[in-house]
Amino acid sequence: SQKIEQNSEALNIQEGKTATLTCNYTNYSPAYLQWYRQDPGRGPVFLLLIRENEKEKRKERLKVTFDTTLKQSLFHITASQPADSATYLCALENQAGTALIFGKGTTLSVSS
Amino acid sequence: SQTIHQWPATLVQPVGSPLSLECTVEGTSNPNLYWYRQAAGRGLQLLFYSVGIGQISSEVPQNLSASRPQDRQFILSSKKLLLSDSGFYLCAWSVPSSGSYNEQFFGPGTRLTVL
């Protein structure tokens with residue numbers, strides 16, 4: 001069955017540094033991958049989608065890469081700020097193509 | 001613009017009691033609708049999804065059920081709650097397409113505690 005792993009439950013960095021979060025998947029070749037941000041007690045908010053034929057995608061201080069050979073996506077936040085502190089989730093479509101499967105998330109804490 | 005509503009925001013229920021959580025979407029037609037549960041220390045678990053009125057697909061067998069009586073209304077129910085039903089319940093919608101290609105928009109969630 002499909003498996004998604006975000007291998008760090010928590011990541012602590014200093015303000016101004018680049019945060020790098022990892023999402024690995026197995027037993028599947030998704031056509032795309034999505035990243036969401038979730039603040040405590042709230043629903044996730046969509047950030048970026050990257051397709052299998054795209055190596056990299058950027059949005060302001062965010063950058064996502066997608067390596068279908070390694071079955072891995074990296075999510076980068078450059079010049080991180082305390083306001084970036086949140087849980088970040090990666091998501092893939094299920095094999096039936098009918099819904100998303102989410103990783104458990106990585107909680108990022110940016111200290112000033 | 002589109003908005004998604006969930007209620008109640010928080011709920012405390014005794015074991016064995018019934019449950020009804022409601023989700024409504026405004027500003028779009030024929031959305032795909034989803035129910036997720038997020039338990040402490042666990043990821044988002046897809047419970048049900050619906051591509052149209054009366055069309056419900058279940059992802060995980062359990063004592064919960066879902067219904068879609070109207071195009072933009074999605075209801076999560078249980079006849080008898082278990083302790084393990086505690087969690088953060090999230091409703092989401094997406095623009096219908098050939099798959100779940102599009103981003104999902106989540107509601108504010110319902111925090112359910114079963115005692």
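Excluded from the calculations below are hydrogen atoms, water molecules and symmetry mates; all remaining heavy atoms, backbone and side chain alike, are included. Each chain gets a letter, A, B and so on, in the order its sequence line appears, and its residues count up from 1.
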Applying the 4.5 Å side-chain criterion to the ILVMFWY set and letting contacts propagate, would [X] and [Y] be lumped into a single cluster?
X	Y	result
W35(B)	I56(B)	yes
W7(B)	L33(B)	no
L115(B)	Y89(B)	no
L44(B)	L49(A)	yes
L11(A)	I77(A)	yes

What part of [X] is in contact with chain A, defined as an atom under 4.5 angstrom from a non-hydrogen atom: side chain, backbone, both or neither?
X	result
L46(B)	side chain
F105(B)	neither
Q38(B)	side chain

Next on the checklist: Report which part of E9(A) has an atom under 4.5 Å of a heavy atom belonging to chain B: side chain, backbone, both, or neither.
Outcome noted: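 When you check distances to chain B, no heavy atom of E9(A) falls under 4.5 Å.
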Contact check, side chains of [X] and [Y], non-hydrogen atoms, under 4.5 Å:
X	Y	answer
Q45(B)	F102(A)	no
L90(B)	P44(A)	yes
L100(A)	Y49(B)	no
E59(B)	I101(A)	no

Checklist entry - For the ring pair F106(B) and F46(A), is the centre-to-centre distance below 6.0 Å? => result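 Not under 6.0 Å, so no.
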Next on the checklist: Quick one: does any side-chain atom of Y36(A) pair with a main-chain N or O of Q104(B) as donor and acceptor, under 3.5 Å?
Outcome noted: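 Between the backbone of Q104(B) and the side chain of Y36(A) there is a qualifying donor-acceptor contact (under 3.5 Å).
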Next on the checklist: If you count every heavy atom of other residues, nucleotides or ligands that lies below 6.0 Å from K57(A) atom NZ, does the total exceed 12?
Outcome noted: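 More than 12 heavy atoms, drawn from other residues, nucleotides or ligands, come within 6.0 Å of this atom.
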Next on the checklist: Would you compute the distance between atom CZ of F88(B) and atom CD of Q38(A) and round it to the nearest 0.5 angstrom?
Outcome noted: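 Here the interatomic distance stands at 6.5 Å.
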